[in-house]
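Chain identifiers are assigned alphabetically (A, B, ...) following the order of the sequence lines, protein sequences preceding nucleic acid strands; residue numbering begins at 1 within each chain.
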Number of protein chains: 2
Amino acid sequence: MRIGELSKATDVPVPTIKYYLREGLLPAGELTSPNQASYGEAHVRRLRLIRALIELAEVPVAQVKEILESLDSDTEPLHEQIGRAHRALTPTRRLTATDEARAAATAQVNELIERRGWTVEPEAPALATLVDTIAAMQTLGQAHLSEYLDAYAEAVEKFTELDIAAVSARPTRDQLAESVVIGTILGETLLSSLRLLAQESISAKRWGRG
Amino acid sequence: MRIGELSKATDVPVPTIKYYLREGLLPAGELTSPNQASYGEAHVRRLRLIRALIELAEVPVAQVKEILESLDSDTEPLHEQIGRAHRALTPTRRLTATDEARAAATAQVNELIERRGWTVEPEAPALATLVDTIAAMQTLGQAHLSEYLDAYAEAVEKFTELDIAAVSARPTRDQLAESVVIGTILGETLLSSLRLLAQESISAKRWGRG
DNA sequence: TGTCATGGATAGTATCAGTATCCATAAGCG
DNA sequence: CGCTTATGGATACTGATACTATCCATGACA
């Protein structure tokens, strides 16, 4: 397959494919002559994955590169691969809330983690986001939104068990890793849009139609 | 309060505040002379909200503006305000998947909506994202990830009921609207980081620590 | 044999979210 | 009163991101 056909197969413009090649997101095709390379099914699949991550999950190109490198390495532990996916999904936030609010939120989160018996590293990227979000809600006078944290956490555990169940059946380690990473990232998008749909439905019933 | 004090109170640089004023995110202060204005507590609150939406929830400035305008209008129906918040959270995706995959995904989603008795407009922004995500999963050979759609949907309904419960106690319509919008948007960030934390924990237990 | 596509390199563009600079005026201090 | 600093308002500039466009020498293929 030549670059033009790859472009047609995936609906990605040729200059964009060249850009991904330059950035190292997509491995080079096999050179059959100094200015001719051939691409295969693997390139089609990889390109589709790249586009899904960028367009659907809005993962920045630099992070996509990291994730793919991690997927391609068959020595990197699964747990570390998941960590990379998590970092790709976590905003690099700066401080937003007051110190008191942050302290209170930190305590609230720590208690939650202990109550649920979760094993979480203190540097987990999502931890800071969660603390900041709760602190922001508090600061904005919406502390009541985090009252249901335990109930949320319980529902979220169920999700995660489902994620694991969906993924554990994969036969090889490579396929498992790919499933986990795609599940982590696209699962985020899936869950988010499901939630919006449920909200839309309830909102329409409650307050809807003018 | 002058602009410098507003800046200190919120930890937002003066030029950034000026930028938000220019963009119409923040209402102008009360002019006490041609080059002197005074800002109040409302400006502090508004500025904190703006920063939470931009930094934590990664909502683009233009959408923040829309959301705030909608919040400030006391004639716009609540359901429409929620719609704006939803649009702010939905990526403006372009097509990613093959036509067959999209068709299958559309059918799957429609059946889900019918089974659950949801009321969803065909133009709901999250609908297209959900369809695209499922189609992408299918195309990437991860169709199994969407097998648990019903279970996800059920858990998500529970969330949404909690959201509604958390919010319904608000005394005035304005406060209700603010809660709903903040809950919709920051709730997304909250849920997402909770999910990542739960995943991290399970991943650490299953595959963790090298 | 001539037209078109290709690999590779380099340069340009659009958008976004601020930053920086300028100016005339005003506030606050000694 | 004078002097430094801050302010409102306008305009210009910056840095990051994700592409697009152009160029060139060569190669495919009709």
Side-chain angles (χ1 to χ4, degrees), chain A residues 1-40 43 47 49-68 87-89 91-96, chain B residues 1-40 43 47 49-68 88 91-96:
Chain A
M1 203 185 318
R2 296 163 57 186
I3 202 172
E5 302 169 83
L6 180 58
S7 166
K8 244 160 240 158
T10 56
D11 211 37
V12 176
V14 171
T16 304
I17 297 179
K18 285 185 171 187
Y19 166 64
Y20 292 154
L21 287 167
R22 276 202 306 282
E23 295 296 310
L25 298 199
L26 196 63
E30 201 191 339
L31 274 182
T32 60
S33 79
N35 71 335
Q36 217 66 198
S38 97
Y39 305 88
H43 290 92
L47 204 39
L49 175 55
I50 293 169
R51 294 301 271 188
L53 295 183
I54 290 176
E55 296 191 344
L56 241 33
E58 306 196 301
V59 175
V61 165
Q63 311 260 36
V64 171
K65 188 184 176 186
E66 256 199 63
I67 291 168
L68 294 178
R87 257 166 268 131
L89 289 175
T92 45
R93 71 304 50 78
R94 298 151 292 269
L95 46 154
T96 295
Chain B
M1 205 185 317
R2 296 162 59 187
I3 202 173
E5 302 169 84
L6 180 59
S7 167
K8 244 158 242 161
T10 56
D11 211 36
V12 175
V14 170
T16 304
I17 297 178
K18 284 185 171 186
Y19 166 63
Y20 292 155
L21 287 167
R22 278 203 304 282
E23 294 297 309
L25 298 200
L26 196 63
E30 203 191 337
L31 274 182
T32 60
S33 78
N35 71 335
Q36 217 65 198
S38 96
Y39 305 88
H43 290 93
L47 204 40
L49 175 56
I50 292 169
R51 294 300 272 192
L53 296 183
I54 290 177
E55 295 191 345
L56 241 32
E58 306 197 299
V59 175
V61 164
Q63 310 261 35
V64 171
K65 187 183 176 185
E66 258 200 61
I67 291 168
L68 294 177
T92 46
R93 82 287 62 70
R94 299 151 290 271
L95 44 154
T96 294

field: A:E58 CD to D:dT17 P, straight-line distance once rounded to whole Å
entry: 15 Å
query: Does B:P27 offer a backbone N or O that forms a donor-acceptor pair with the side chain of B:H43 under 3.5 Å?
result: yes
- prompt: More 5' along DNA chain D: B:E5 or B:R22, using each one's nearest nucleotide?
  reply: B:E5
- prompt: Rounded to the nearest Å, what distance is computed from the CD atom of residue A:Q63 to the P atom of nucleotide D:dA18?
  reply: 9 Å
query: When the nearest nucleotide of DNA chain C is assigned to B:P34 and to A:P34 on a heavy-atom basis, which residue is associated with the more 5' position?
result: A:P34
- line: Closest of D:dG27, C:dA26, C:dG18 to the B:V61 side chain is C:dG18
task: Quickly, which of A:L21, A:I17, A:L47 forms a side-chain contact (heavy atoms from CB on, under 4.5 Å) with A:Y39? Name it, please.
output: A:L21
- prompt: Once you round it to whole Å, what is the distance between P of C:dG7 and CG of A:L26?
  reply: 11 Å
query: So, do B:L68 and B:L49 sit near enough that their side-chain heavy atoms are less than 4.5 Å apart?
result: yes
query: Which nucleotide sits closest to the side chain of A:P13: D:dG8, D:dA28, D:dT20?
result: D:dT20
- prompt: Counting just side-chain N and O atoms, does B:Y19 come under 4.0 Å of either OP1 or OP2 of D:dA10?
  reply: no
- line: Among the nucleotides C:dT25, C:dG7, C:dT19, whichever has the atom closest to the side chain of B:T16 is C:dT19
query: Has the side chain of A:T10 got a donor or acceptor atom that lies under 3.5 Å from a matching backbone atom of A:L6?
result: yes
query: Hey, does the side chain of A:Y20 come within less than 4.0 Å of D:dC19's phosphate (OP1/OP2), counting only N and O?
result: yes
task: In whole angstrom, give the distance that lies between atom CD1 of A:I54 and atom C1' of D:dA18.
output: 8 Å
- line: Of B:A62 and B:K18, the one whose closest nucleotide on DNA chain C sits nearer the 5' end is B:A62
task: Please report, rounded to the nearest Å, how far the C1' atom of C:dA17 is from the NZ atom of B:K65.
output: 15 Å
message: From CD of A:Q36 over to C1' of D:dT26, roughly how many Å is that when rounded to an integer?
response: 9 Å
query: Base, sugar-phosphate, or nothing: which does A:L31 touch, judged by heavy atoms less than 4.0 Å apart?
result: sugar-phosphate
- line: Considering only heavy side-chain atoms of B:P60, the closest of C:dA17, D:dA28, C:dG8 is C:dA17
field: For atom CG of B:L25 and atom C1' of C:dG18, their distance in whole Å
entry: 12 Å
field: B:N35, nearest nucleotide to its side chain (from D:dC19, C:dT6, C:dT25)
entry: C:dT25
query: Rounded to whole angstroms, how far apart are CZ on B:R2 and C1' on D:dA6?
result: 6 Å
message: What's the closest nucleotide to the side chain of B:I3 if the choices are C:dA26, C:dG7, D:dG8?
response: D:dG8
query: Do A:R87 and A:Q63 have side-chain N/O donor and acceptor atoms under 3.5 Å apart?
result: no
